[in-house]
Amino acid sequence: MEFEAFNYLVNVISFENLLSMLLGVSVGLVIGAIPGLSPPMAIALMIPISFHMHPELAIIMMVSVFAAGIYGGSFSAILLRTPGTAASAASAIEGYEMTKRGKAIQAIRMSTFASCIGGVLSGIFLILLAPPLARISLLFGPSEYFLVALLGLTSIAAVTFGSVTRGLISGLLGLFLSTIGIDQYSGFPRFTYDMVGLESGIGIVPVIIGLFAFAQGLELAEGSSKELISGVKRLSWNLMPRWSEIWYVRWSLVRGWVTGLIMGVIPAAGASVAQWVAYAWEIRRGKPGDKFGEGEIKGLAATEGSNNGVTGTSLVPMFVLGIPGSISAAVILGALTIHGLQPGLRLFRTNPDVVYTIMWGFLFANILMGFVAILVARSMAYLTLFPRGIIGPLIIVFSVIGTYVANNNIYDVWIMVALGVGGYFLTKLRFSTAGVLLGVILGPIAENGFRDMLVVSDNSPITFMLTRPISLVIIALIVMAIYFSVKPQPWEEEAKAEVEAELAKAKSTEK
Amino acid sequence: MSGASVDRITAVVCMVIGLYFTWEAWEFPAGGGDFPIFCAFGSFVLAILIFGETLLKTNKRRAIQASFPVTWGQWKPMALLALAVTYIPMMFVLGYFTATFLFFVLAALLLGIRNFKTIGLTAVILIPVMYGFFVGFLQAQLPTEFFLS
């Protein structure tokens, strides 16, 4: 453990550092909330602004943007079912159902609390455990990456209500989509049909926006246009979490935070998978009376706790080894280099004041994020008081511009529209659009791990996996995930009994 | 259409997709077909599982599945989709903000909003905010208005 870090705590408490954090948090929240605009984009935008800043101030601002950007995606996920970032897709499931039931403010205050504390805990892990955690991340090889991707995909089965096989089919569809484009190993175009727009593959941005935002825009066009999303005409002012709410979801929060902290260390795969593993774990721990899929606050607490719980630990490989574990970390690494700081264990020895001040800055940014979010949240929640006939077209407009601005590529916009239509009908047929998204995100990780594993194991992947302890642990987790997906849970039995009783009543009324 | 019928169609579609991907991917060089074929194998397994579910489920559970029918009488989302598909190429003809203003107003009217004050106010606030944020702050390169070119 690195107790030396406490020597630099007082460095972060200065007016310039706080202003830098405030700017970073504000920009991160706004950009994270808009579908199509991502935390890496927000961080990259701040680089030119940071040129004339002291390196510490600059990097503190960027890590603040990162932390707030991940959380900002939850606003639109909860209020409009249009996640601003991939990390908030799981929160859209329970969060939006809470909004539909007039509990938008309750959802936001729980999301803020879970994310703030998750981010703070993640910051503490980053500060105290960075070097040993980095050594763990180095132990992950091709078979581990392949299996982590499979673990994430089996989590889909656990979070698809009604049919495990439909959830797995959704994930498989995402995997198929991820194979479209030029094969990075051979340079051969796969499933492109000579279309230039498909050669670079299906990007994450059109998938998220299409499946969630555009499809949601189409869904809001159904029914009465004057109806409000939230079903209530007034919002409460109470944005501070209640102790009774926190107590009710205490174990859900702990499960979310633990999942995020552990999985954040796995480069690339961890952040995408963590929220789904946390959600699946929460569903499997459900009790009779829980209403997963219908606005269960425990589900939201777990996903929000995990998606900010990964932020600090996901920076561990970047700070300690100079290996970025995510796109955001890669941009921050670029910023560090621009400001003359070379990450790695050497930086901890030569400039411990700089690196630990930045880490403390990250931790305090998460606390500041909570206060700023409380101020911003209510104004954003007013969106739910707009009629569906206004919100639907607005979502379509932002879907188009969000997709176009990401790469200035009109093909992405058409792909987004196609996926939006597909997502709209998939939802009608009770498939999981979240599963498709997860398949697209994890497909490249699974394929790279799979093909590297075939090479390293000399085409004996199973023998290879069985000789690696971490692979065996992940295999055990996959088996458990499949078992618990198939085994009915107490709250599912209760829900099924309710449906059977309703059907029986309907039949006797017909007679 | 009952839930069991939808499941059977899904199983058939899974099989067809799996067969198609296998057929296409078989010739990919340098192991490029390995992963798609692995996924196709997964789709065959899932197709068998979902088909088996429809045969093994009891009548009571099939009745529960049948309580979730697919409805097809949804014309408004398709009309909105048609308008969106028209809006996208029009961005490059009329300019982004002109096309967006027209799309938003027409879409709101199409969906049944008749409060012209709400539509007008939202559009009037939306355009400058989007301009300031995307063009001013993000420096995004959006299609120029036809009357400015």
Most chain A-contacting option - heavy-atom pairs closer than 4.5 Å, from B:L109, B:L110, B:T10, B:I88: B:I88
Minimum side-chain heavy-atom gap A:V400-B:T100 below 4.5 Å: no
Most contacts with chain B, counted as non-hydrogen pairs under 4.5 angstrom, among A:V30, A:L173, A:L220, A:T179: A:T179
Contact summary for A:F425 and B:M78, nearest pair of heavy atoms: CZ-CE, 3.9 Å
CG-OG distance between A:L168 and B:S43, expressed to the nearest 0.5 angstrom: 12.0 Å
Flag, side chain of A:S225 to backbone of B:L111, donor-acceptor distance under 3.5 Å: yes
Which atoms of B:L126 approach chain A - backbone, side chain, both or neither, heavy atom under 4.5 Å: side chain
Structural part of A:F188 lying under 4.5 Å from a heavy atom of chain B: side chain
Portion of B:C14 that has a non-hydrogen atom of chain A nearer than 4.5 angstrom: side chain
Toward chain A, the part of B:T122 with a non-hydrogen atom under 4.5 Å: side chain
Residue among A:N408, A:I390, A:V405 with most heavy-atom pairs under 4.5 Å to chain B: A:I390
A:R190 side chain to B:F28 backbone, donor-acceptor under 3.5 Å: no
A:E222 and B:W75, any side-chain heavy atoms less than 4.5 Å apart: no
Student check: side-chain heavy atoms of B:F92 and A:I410 closer than 4.5 Å: yes
Atom pair OH/CG of A:Y424 and B:L80 - distance to nearest 0.5 Å: 10.0 Å
Under 4.5 Å from any heavy atom of chain B - which part of A:A446: both
Interatomic spacing from CZ in B:F38 to CZ in A:R451 - rounded to 0.5 Å: 13.5 Å
Segment of A:L454 engaging chain B (4.5 angstrom heavy-atom cut-off): side chain
Side chain to side chain, A:V417 and B:L81, heavy atoms closer than 4.5 Å: yes
A:F191 ring center near B:F21 ring center (under 6.0 Å): yes
A:P444 side chain reached by B:F35 side chain, heavy atoms, under 4.5 Å: no
Closest non-hydrogen atom pair between A:P393 and B:A108, with its separation: CG-N, 4.1 Å
Heavy atoms from other residues, nucleotides or ligands near CZ of B:F133 exceed 12 (cutoff 6.0 Å): yes
Closest heavy-atom pair and its distance - A:A221, B:K76: O-CE, 3.3 Å
Among the listed options B:G31, B:G42, B:A25, B:G33, the residue most often paired with chain A at heavy-atom distances under 4.5 Å: B:G31
Leading residue by heavy atom contact count with chain B [cutoff under 4.5 Å; candidates A:I401, A:V397, A:V413]: A:I401
